[in-house]
Engineer: 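If you scroll down you'll find the structure; I have some questions about it.
In this text, all values refer to a predicted model and were calculated from it rather than measured experimentally. Index from 1, following the sequence. Order of listing sets the numbers, starting from 1, for every ligand and every atom in it.
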Amino acid sequence: MPHRNREGHRKRSLAVFPGSFDPITNGHLDIIGRSLSVFDQVTIAILVNPEKHPLFTVEERVAIIREAFHGEERVQVDTFSGLLVDYAERLGASVIVRGLRAISDFEFEFQMALMNRRLNPRIETVFMMPAESYSYLSSRLVKEVFQLGGRVRELVPAVVERRLREKYGTAGVVHPPTRERGSGGREVPPSSKSERGIHSRASVRSRRA
Ligand code: PNS
C-alpha cells in the first residue's frame with residue numbers, strides 16, 4: 001500500500017543510488033532507468049572520499065551526471081560524505097538502490113546491505129540487475145580501455161566520452177612509441193601514427209582506480 005502523509009496524499013517514493021561514478025557508465029544509467037520504473041524519484045549520490053584519487057573531481061562528476069540527465073526531473077544529483085544510511089535518512093529516502101552485475105559483486109554488496117540494515121533498519125537495500133550487455137562494465141574498465149585507445153562509445157553517455165577526451169587528449173592510442181632495435185642497434189621508427197604515440201598524452205598519467 002502506498003505511504004500517505006498526514007493530509008492523505010500519497011508520499012512520493014525516493015530512492016538513493018549511491019556510488020563513486022568515476023565516471024558514470026551506461027550500466028549505471030540502466031540501473032537508474034529501472035529504478036525510475038519502481039520509484040518516483042532517484043537521487044544519484046556521489047561519495048566524497050578524500051582518500052581516493054578519482055579521475056574526475058566531485059564537481060566534474062556532478063556536472064557530467066547533470067548533463068547526462070538533463071531534462072529528467074525525477075533524477076537529482078547530490079554528494080555526500082559519512083555514513084550512507086545517515087545521508088539517506090536526512091534526504092527522506094527509505095531505499096538504497098545498488099546494481100548487481102555478477103556473482104563477484106554479491107559478497108561485498110551483501111556485507112554492505114546487512115551493515116547498512118544494522119545501522120538503520122528503516123532503510124532497505126534493493127538490488128537491480130543491469131542488462132546482460134552491461135554485466136561486465138565498470139568505471140575502472142572504461143578508463144583503462146579509453147586510456148589504451150579502445151572504443152568506449154557504446155559504454156558511456158556521450159558527455160563522458162567527451163570529458164574523457166578532454167582529460168586525456170584525443171581518444172586514441174596511448175601506447176608508448178615502439179622502439180625496436182635492428183641488428184646494428186639502430187632504432188626502427190614506428191610506422192603508424194598510433195605507434196608514434198601521436199595521442200600518447202594519457203600514457204604518462206598514472207593508472208587510476
Ligand atoms: O561505486 P562504489 O564505489 O561501489 O560505491 C560504494 C559506496 C559509495 C556505496 C560505499 O562506499 C558507501 O556507501 N560509502 C559510504 C560510507 C558508508 O556508509 N560505509 C558503510 C557502508 S556498509
Engineer: Salt bridge or not for R90 and D86, using N-O below 4.0 Å?
Structural biologist: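 No, R90 and D86 are not salt-bridged.
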Engineer: Are L164 and L55 close enough that some pair of their side-chain heavy atoms sits under 4.5 Å apart?
Structural biologist: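 The answer is yes, as the side chains (C-beta and beyond) meet within the 4.5 Å cut-off.
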Engineer: Should we count CE of M129 as having more than 12 external heavy atoms under 6.0 Å?
Structural biologist: no
Engineer: Please tabulate protein-ligand N/O pairs under 3.5 Å for ligand 1, atom names and distances to 0.1 Å.
Structural biologist:
{"residue": "ligand 1", "atom": "1 (O)", "partner": "S20", "partner atom": "N", "Å": "2.9"}
{"residue": "ligand 1", "atom": "3 (O)", "partner": "S20", "partner atom": "OG", "Å": "2.6"}
{"residue": "ligand 1", "atom": "4 (O)", "partner": "R98", "partner atom": "NH2", "Å": "3.0"}
{"residue": "ligand 1", "atom": "5 (O)", "partner": "R98", "partner atom": "NH1", "Å": "3.4"}
{"residue": "ligand 1", "atom": "18 (O)", "partner": "L84", "partner atom": "N", "Å": "2.8"}

Engineer: Side chains of K52 and S20: closer than 4.5 Å at any heavy-atom pair?
Structural biologist: yes
Engineer: Using a 3.5 Å distance criterion without hydrogens, assess whether the side chain of D78 forms a donor-acceptor pair with backbone atoms of A45.
Structural biologist: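 Side chain of D78 to backbone of A45, a donor-acceptor pair under 3.5 Å: no, none is there.
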Engineer: Excluding sequence neighbours, so at least two apart, what forms salt bridge (charged side-chain N to carboxylate O under 4.0 Å, His left out) with E154?
Structural biologist: R151
